[in-house]
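Before any comments, here is the structure.
Basis for what follows: all heavy atoms, side chains included, without hydrogens, waters or symmetry-related copies. It should be emphasised that the depicted structure is a prediction, and the values quoted were computed from it without experimental measurement. Just so we're on the same page: letters track the sequence lines, and every chain starts at 1.
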Amino acid sequence: MREFDELQSHVLQRSLVQAGSAKDLMRTVRNQLLEASDRTKLSTPPQDVYGLVGLSDEFTPTLRKALQCARVALGAFVVTGGEKNRGRSKDLRHFKRSDGAWFDFSIVGRGYSGFVEILAYTYEIRLPVGHGAPFVRFDLNVPDGANQEGELRCHVHIGSDDVRIPAPTMTPREMLALFIDGICAASNRDGRTRTAFEHQWFAESHRMLAGDSGVDGLRERS
Amino acid sequence: MSPGTRPLEPMEFALRCIASQGAAAYLIYLASPADIASVFGELQDELTTALPEIQAVKSSSARQLLEAVAAHDANVPLLVDASAYDAEAWRLLDRRRSSLQRSGVTAIMTTTDSFDALMRHAPNLMSWFGGDVFAFPGTEVLERRHASLREDRLAALRAWSGLTDAEVLEQARAQTLPRDPEYAEWLVLLGRGDLLNA
Amino acid sequence: MSQPAPQQTASEDRLARFRRLRGQLAPARDPSEVLVQGGYVERPDSVGRRIAAELELAPASSHVLIGGVGSGKTTELLVVDLILDAVDDTEALFVDVSRRHDIGRMKPGVVLAQVGLALTEWMDASTPGQQSRMAKSAADTLRALALGYIDPPWDPEPDYDETPGILDPPEQLDDAVQPFANCIRTLLGELSDLRPHFVVLLDGLDRMIDVSKFEEIVRQDIKALLSLGIGIVLVGPLRALYGVNKVLLEFFERSYYQPWLDVERDEGARQLLRSMLTQRVEPTVFEEKAIDRLVGSSGGVARDLFALAQSACLEAYLQGIDQIGVSQVEASVDAFGRKHMQGLRPEEIEVLQRVRTRREFVHTSESDLGLLMTRRVLEYRDRNQQPRYVVHPTIARFLKAMEP
């Protein structure tokens with residue numbers, strides 16, 4: 001959307017370059033999640049945190065070893081947190097918050113000598129019932145050098161894979177802080193009473209979803 | 001055949017060390033002589049992220065270790081390369097174990113042969129370790145595990161998109177691949193990070 | 001001596017809590033710290049109390065305490081120290097011989113030197129600046145002889161030549177030992193009004209492997225201390241209990257054996273170990289069944305009880321569990337057993353199988369003694385001091401799996 005070109009340009013100026021290597025980034029991410037587990041904000045136990053965070057790169061084992069010997073860490077990598085789960089199945093391994101929300105993520109980047117640049121990411125959190133939307137997903141698409149269609153490269157989906165809203169780029173630390181402590185009901189007051197509009201919207205949405213897949217299909221998916 | 005010690009990846013061993021800081025705990029990590037140097041380096045990197053005050057002690061003798069322990073505060077975490085220690089070295093440390101008493105976690109890397117010597121010649125020291133003795137599973141095992149995880153992720157991406165690896169690569173070369181982060185990850189896992197900015 | 005274990009604070013996160021618990025359970029913890037912080041649980045018929053009672057009546061008596069690794073010998077020595085602290089006319093000096101000297105290079109004079117240093121340090125702290133010239137000279141000489149010197153603090157060239165007589169007294173000490181004894185005698189004379197009696201609690205000699213060297217120390221240093229009227233409590237090497245070495249024990253007026261606790265047959269032993277554990281941490285840290293399993297798996301070795309508990313604690317932290325249960329203890333027992341099986345030779349495995357299946361153990365070789373020293377074989381004593389042998393509980397299932 002061309003109306004957002006300037007906004008997008010402004011947002012994308014925010015540097016996603018971080019000092020260190022891909023492994024450093026992975027360890028930082030892991031330690032942040034571990035600390036949240038220790039604080040019991042995450043109910044995922046420490047050994048599962050370690051098991052859920054992974055790092056893959058584009059090299060063969062032999063080449064990686066050679067690069068390590070030369071103490072150079074470069075090339076593209078992906079830091080993953082939890083199993084790939086676009087189907088939103090609770091059967092796949094994910095991080096769990098103590099209030100029932102659960103999430104996973106992946107971060108794609110490129111390593112250079114002494115720093116990494118984050119090229120793309122996707123973080124999705126599924127919220128407990130009654131928390132406003134079933135999921136929230138932040139995406140940063142890969143840079144599109146040639147094809148300037150004005151797509152919103154950095155955006156958020158709130159409860160819909162089809163609706164995108166511009167979002168600022170965020171560092172992994174910021175994203176995880178949002179997911180661990182940010183996207184949740186206010187702790188200092190009771191939930192607001194829902195308006196008649198909201199009641200009707202949810203009821204009509206449910207009828208629409210039931211119509212899309214049939215009631216049985218809806219039950220299966222849940 | 002005697003049961004071996006439990007295999008554990010370096011980062012899992014590091015987690016146990018981090019959880020033991022300040023608890024007067026001693027943990028042992030065994031590796032083959034060929035792997036010691038690289039695994040020690042990896043452990044050091046892992047531990048430094050969570051315990052930046054950690055001191056690495058690459059001592060070729062037990063006396064050097066005793067000097068290093070005396071030189072640091074008792075609460076500082078230590079990572080020790082003890083792969084060169086023989087029976088005499090462990091006997092010395094057994095006699096001088098009072099000097100090794102400290103509150104900071106002490107993680108000791110050594111070989112199976114050296115550890116066998118410790119078990120035989122340092123009965124008092126070995127009584128401090130409890131069951132916190134683990135072994136590096138070996139590079140090949142780790143690579144197989146890693147390859148399996150990579151394949152699992154690729155399978156999930158294929159199932160989600162309905163595309164094959166070949167189709168994704170073709171689209172990437174043609175610059176028609178969607179810009180979603182999933183496809184970026186796909187290219188990395190296929191070893192084609194060069195197509196990311198195409 | 002009993003105080004409640006430190007409790008969780010409101011601001012403690014999981015990591016801090018489990019680090020604290022692991023620290024409280026550490027088998028390598030300084031025994032004096034455990035005593036001071038209220039973690040000590042007294043055994044019925046405590047060896048420490050018995051020795052202290054004897055010394056109260058006879059401050060110049062000699063005692064030797066022997067026991068396996070991790071049986072609590074140092075702790076009992078510290079209990080003697082604590083009890084004698086309350087006795088006005090007796091001062092107990094705790095000396096860990098291994099701290100200032102390599103036990104592998106023991107020779108006559110080393111123990112006397114360390115006792116002398118401990119005495120000078122006590123004197124300096126108790127009578128600062130009030131010592132006589134003779135006492136100061138004795139202290140300087142002792143320090144020089146013990147720690148080395150550039151210029152000797154005594155006159156290197158006496159103005160007469162000493163010629164020895166024809167008689168060679170049987171109580172004559174080695175040349176290396178006599179000067180220390182002379183210095184100590186002077187210091188004792190200086191301090192006799194302040195403290196009529198001194199008792200030395202000697203730790204660390206149990207680590208000596210060479211029993212002949214231990215015998216030399218006993219015949220020179222210990223004999224010298226006793227002749228000076230100093231009471232002795234010494235922790236001796238386990239080897240001294242077996243074979244021809246047993247004669248060494250007769251040198252002491254009393255000998256005590258600190259056995260491992262018979263968790264197989266003695267319910268009192270099991271209860272004691274339970275108390276040791278629950279004294280160190282809050283009562284809700286372990287499930288009841290987990291405590292039972294820990295006690296049974298320890299084989300009655302207090303240090304192994306804490307090592308197993310410490311490892312189980314780590315398992316609980318890693319698994320996100322707050323109360324340590326049987327599952328975490330089983331993981332700890334498995335890891336301990338695997339470690340305990342490392343380094344065993346085929347002939348030793350054979351011996352262990354015989355102990356496991358037939359309870360037969362005749363320690364005729366250094367290798368057999370090694371199995372006792374490394375706690376693969378545990379010795380229990382009944383009321384009549386008759387020994388009984390078992391394999392450490394953590395290795396029993398591995399041995400069974402290896403049965404031919």
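- In this structure, A/Asp38 CG and C/Arg17 CZ are separated by 12.5 Å, a value rounded to the nearest 0.5 Å.
- One distance of note links CG of C/Asp13 with NZ of A/Lys41; it measures 13.5 Å at 0.5 Å rounding.
- The structure places CZ of C/Arg14 at 13.5 Å from CD of A/Glu35, a figure rounded to the nearest 0.5 Å.
- For the atom pair CG (A/Asp48) and CG (C/Leu318), the distance works out to 10.0 Å, reported to the nearest 0.5 Å.
- Residues A/Pro45 and C/Gly320 approach most closely at CB-N, 3.3 Å, considering heavy atoms.
- Neither the backbone nor the side chain of C/Phe18 comes within contact range of chain A; no heavy atoms are under 4.5 Å apart.
- The neighbour count for A/Arg173 CZ, taken as heavy atoms of other residues, nucleotides or ligands under 6.0 Å away, does not exceed 12.
- The side-chain heavy atoms of C/Gln319 and A/Pro46, taken from C-beta on, include no pair separated by under 4.5 Å.
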